[in-house]
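Quick caveat, the model's predicted, so the values are computed rather than measured.
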Amino acid sequence: MSTTRQNGSLYTNVQNKIATIEFGHPASNSFPSELLDRLTKELILVGNNTDVSVIILKSEGEKAFCAGASFDELVAISNLEDGKQFFSGFANVINAMRTCGKLIIGRVQGKTVGGGVGLAAACDYVLATENAGIKLSEFTIGIGPFVIEPAVTRKIGVSGTAELTLDATNWKNAYWAKEKGLYAKVFESQKELDEAIELLSEKLASYNPGALSEIKKALWQGTENWNDLLAERAAVSGELVLSEFTKEALSKFKK
């Protein structure tokens, strides 16, 4: 069952050294700024919990994994500062995922768009269903996936990011995402997905926590500049969203 809360929901359950963080929002599990901020803080908190060895990141419901950032908030941006702050939401989450010190398993049960693709890319290992198509549609409204690009390119390479970004109106299916390296495995059903996640997380939780922490550092080596890089990217997006092109494109969606 999905949440009906307009600011979304966030729940964490810790059991047998496994922390399951579940987010939800009635608009296809999209993220208003408040929910992004809560997720950032929760990742930092769980990362510092010595009783946790591995994190599972999942969303509510059986349909969309994540529709990206709140479209209502995007449409309402009216100045540069608000624009940068809005796009910093996913930047902060990605950096928290990168630095939290725990391996993160992503559970992607359905379609994911924009910032949701960045969320999946920032996980250390992603399992998905064959319904988990992906799309980066930012070009269609005059902006681009600048904040999430480093995380996406790190997983699927420059050519994969280019194909995904430039083909902004079409979905790439889950098997394309697996071939490119975004997903590790794709399953036919959510039941199979959950069984695989349970097995993997239990195995990881049984390993030496010190070894898990060190491999996390090794996997993210070379990203130490991302605090500054993603902030710069957020500023770029914050400026573009105020352009005449984007204002006109977004005007069609205003209520």
Side-chain angles (χ1 to χ4, degrees), residues 1-2 9-24 28-29 39 42-43 46-47 49 51-67 93-94 96-98 100-113 115-135 148 151-152 154-157 160 164 171-209 211-216 218-220:
M1 185 176 177
S2 297
S9 63
L10 188 72
Y11 301 103
T12 300
N13 177 56
V14 177
Q15 193 170 2
N16 299 324
K17 299 183 179 180
I18 302 166
T20 300
I21 301 176
E22 182 174 352
F23 64 88
S28 299
N29 290 327
L39 179 56
E42 189 65 17
L43 286 162
V46 173
N49 187 344
D51 292 328
V52 172
S53 292
V54 62
I55 296 170
I56 297 171
L57 183 65
K58 61 184 291 189
S59 63
E60 290 184 350
E62 299 184 354
K63 295 184 179 179
F65 170 68
C66 179
V93 168
I94 289 171
M97 294 173 74
R98 175 178 67 87
C100 74
K102 313 291 185 185
L103 291 173
I104 300 175
I105 302 170
R107 177 191 182 272
V108 182
Q109 81 280 16
K111 288 183 175 180
T112 185
V113 184
V117 178
L119 203 64
C123 292
D124 297 295
Y125 197 86
V126 178
L127 302 180
T129 70
E130 58 185 15
N131 296 321
I134 59 175
K135 181 166 69 171
I148 66 169
V152 176
R154 173 178 167 271
K155 275 291 179 72
I156 70 174
L164 196 57
W171 291 93
K172 300 295 184 185
N173 67 35
Y175 294 102
W176 183 93
K178 179 180 181 295
E179 178 187 338
K180 297 297 182 181
L182 181 64
Y183 301 156
K185 295 180 181 179
V186 174
F187 300 89
E188 292 184 0
S189 69
Q190 290 190 33
K191 181 176 182 292
E192 291 174 309
L193 170 66
D194 288 332
E195 288 172 350
I197 287 178
E198 182 179 5
L199 183 62
L200 175 62
S201 60
E202 287 177 352
K203 281 184 179 179
L204 288 173
S206 72
Y207 298 155
N208 182 345
L212 296 178
S213 178
E214 289 302 321
I215 197 63
K216 174 84 175 190
L219 291 173
W220 287 92

Closest approach of Ser53 to Leu212 (non-hydrogen atoms, all atoms of both residues): O-CD1, 3.8 Å
Backbone of Val52 reached by a side-chain donor or acceptor of Lys102 within 3.5 Å: yes
Side chain Asn16, main chain Ile18, donor-acceptor under 3.5 Å: no
Leu204 CG to Asp124 CG distance, which is reported to the nearest 0.5 Å: 10.0 Å
Distance (rounded to the nearest 0.5 Å) between Ser28 OG and Lys111 NZ: 10.5 Å
Between NZ on residue Lys58 and CD on residue Glu22, distance to nearest 0.5 Å: 4.5 Å
Heavy-atom side-chain proximity of Glu60 to Asn29 below 4.5 angstrom: yes
N/O donor-acceptor pair under 3.5 Å between Thr112 side chain and Cys66 backbone: yes
Electrostatic pair Arg107:Asp194 at N-O distance under 4.0 angstrom: yes
Given Thr20, Leu39, Ile105, the one that forms side-chain contact (heavy atoms from CB on, under 4.5 Å) with Leu57: Leu39
Value rounded to 0.5 Å, distance of CG in Leu119 from CZ in Phe65: 5.0 Å
CZ on Phe187 to CG on Leu193, rounded to 0.5 Å: 6.5 Å
Side chain to side chain, Leu182 and Trp176, heavy atoms closer than 4.5 Å: no
Lys17 atom NZ, neighbour heavy-atom count above 12 within 6.0 Å: no
Any donor-acceptor N/O pair, Tyr183 side chain to Val108 backbone, under 3.5 Å: no
Verdict with reasoning, Leu219 to Leu103, per side-chain contact (heavy atoms from CB on, under 4.5 Å): CA-CA 10 Å; Leu219 291 173; Leu103 291 173; 4.2 Å; yes
Heavy-atom donor-acceptor pair, Thr129 side chain to Gln109 backbone, under 3.5 Å: yes
Minimum heavy-atom distance between Gly118 and Ala151, given as atom pair plus value: O-CB, 4.3 Å
Straight-line distance of Tyr125 OH to Leu127 CG, nearest 0.5 Å: 6.0 Å
Shortest non-hydrogen contact from Arg154 toward Ala121: NH1-O, 4.0 Å
Nearest non-hydrogen partners of Ile134 and Ala177, listed with the distance: CD1-CB, 4.0 Å
Main-chain N/O of Cys123 paired to Lys155 side chain as donor or acceptor, under 3.5 Å: yes
Exam field: side chain Glu42 to backbone Ile21, donor-acceptor pair closer than 3.5 Å: no
Side-chain (Asn131) to main-chain (Lys63) donor-acceptor, under 3.5 angstrom: no
